[in-house]
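For reference, the structure I am asking about is given below.
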Amino acid sequence: GVSLKPLLEGDPAVLHKGILLSRAHGQGDRLFNGLRTKKWKYIHYSRTDELELYNLKKDRQELVNLMSTGREKWQKKADTLERRMKKLRP
């Protein structure tokens, strides 16, 4: 696997490719896979197909889910992050 030591030591270059996010266990429909990069956070809820997309440069607190403000406008970015996420998955 990939070491998280550089990230824990504060090296922001680690976020260039992205960090995978996942919740594989739990109750209900809140199981997800996601990707966090220096600028973006993308979440895909597998059971409901719900998407979340946050611009972390402008919205560090993740208050505005861009996919709920204009899905058509942000779908291309979500598709790009989905492909990157799939490339990083083992």
- Residue pair Thr37 / Arg84: nearest heavy atoms and the distance that separates them: CG2-NH2, 3.7 Å

- Examine Leu51 and Tyr54 and state if one hydrophobic cluster contains both, with Ile, Leu, Val, Met, Phe, Trp and Tyr joined whenever side-chain heavy atoms are less than 4.5 Å apart. no

- Compare all side-chain heavy atoms of Asn33 with those of Lys86 and state whether any distance is below 4.5 angstrom. no

- Give a yes or no answer on whether the side chain of Asp59 reaches the backbone of Val64 with a donor-acceptor pair at less than 3.5 Å. yes

- Leu31 CG to His44 NE2 distance, which is reported to the nearest 0.5 Å: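 Taking CG in Leu31 and NE2 in His44, the distance rounds to 11.5 Å.
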
- Tell me, with the steps shown, if Leu66 and Lys77 meet side-chain contact (heavy atoms from CB on, under 4.5 Å). CA-CA 10 Å; Leu66 297 171; Lys77 175 51 77 177; over 6 Å; no

- Please lay out, stage by stage, how Tyr42 and Glu52 fare under the test side-chain hydrogen bond (donor to acceptor under 3.5 Å, both in side chains). CA-CA 6 Å; Tyr42 168 76; Glu52 293 182 16; over 6 Å; no

- Kindly indicate whether the side chain of Met67, heavy atoms from C-beta on, has any atom under 4.5 Å from the side chain of Glu50.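 Side-chain contact under 4.5 Å: no.
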
- Query: Is the shortest heavy-atom distance from the side chain of Asn55 to the side chain of Trp40 under 4.5 Å?
  - Reply: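 Yes, their side chains come closer than 4.5 Å.
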
- Message: Evaluate Lys39 against Leu56 for side-chain contact (heavy atoms from CB on, under 4.5 Å), listing each step before the verdict.
- Response: CA-CA 5 Å; Lys39 183 175 180 179; Leu56 298 175; 5.8 Å; no

- Between Ala78 and Leu53, the two heavy atoms sitting closest are N-CD2, 4.5 Å

- Message: Give me the atom names and distance for the closest heavy-atom approach of Trp74 to Thr69.
- Response: NE1-OG1, 4.2 Å

- Item | OG1-CG distance between Thr80 and Leu35, expressed to the nearest 0.5 angstrom | 11.0 Å

- Identify, with sequence neighbours excluded, every residue that meets side chain to side chain donor-acceptor pair (under 3.5 Å) alongside Glu62.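 Once residues adjacent in sequence are excluded, the partners of Glu62 under the side chain to side chain donor-acceptor pair (under 3.5 Å) criterion are Lys41.
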
